[in-house]
Amino acid sequence: MPSTDATACPHCGWPDRGEPFRVLSRHTTATGHTEWTRCGCGSLQVRVADGRGTRVVSRSGPAARAGAACH
């Protein structure tokens with residue numbers, strides 16, 4: 001997954017500071033927590049929440065649609 005400096009999902013435009021479509025898991029760290037989330041477009045995101053706030057640090061492309069050919 002590429003890292004990101006964007007403020008919105010490059011695939012659908014959903015703001016990174018908005019609520020994620022779905023939280024898949026949350027893990028406590030020494031400085032806060034890490035969340036694996038799924039955007040409404042299907043993009044998998046890693047969010048870090050610590051003393052600097054919450055930010056998306058990595059994301060995938062949108063999930064493949066059912067029936068789409070994989071290459």
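Worth saying up front: this structure is predicted, and the values here are computed from it rather than measured.
Note that the CZ atom of R38 and the OG atom of S43 stand 8.0 Å from one another [nearest 0.5 Å]. One distance of note links CZ of F21 with SG of C12; it measures 10.5 Å at 0.5 Å rounding. Annotation: the span from R47 atom CZ to R17 atom CZ amounts to 11.0 Å, rounded to 0.5 Å. Separation of atoms CZ (R52) and OG1 (T31) is listed at 9.5 Å; rounding is to 0.5 Å.
Both L24 and V48 are part of a single hydrophobic cluster, where members link through side-chain heavy atoms under 4.5 Å apart. A continuous path of ILVMFWY side-chain contacts below 4.5 Å connects V46 to L44, so both sit in one hydrophobic cluster.
Salt-bridge check for R55 with D50: passed, with a basic side-chain N closer than 4.0 Å to an acidic carboxylate O.
Distance alone, capped at 3.5 Å, is enough to place a donor-acceptor pair between the H11 side chain and the S60 backbone.
Annotation for R59 and D16: closest pair NH2-OD2, 2.8 Å, computed over non-hydrogen atoms.
Looking only at side-chain heavy atoms (C-beta outward), T34 and R26 stay at 4.5 Å or farther from each other.
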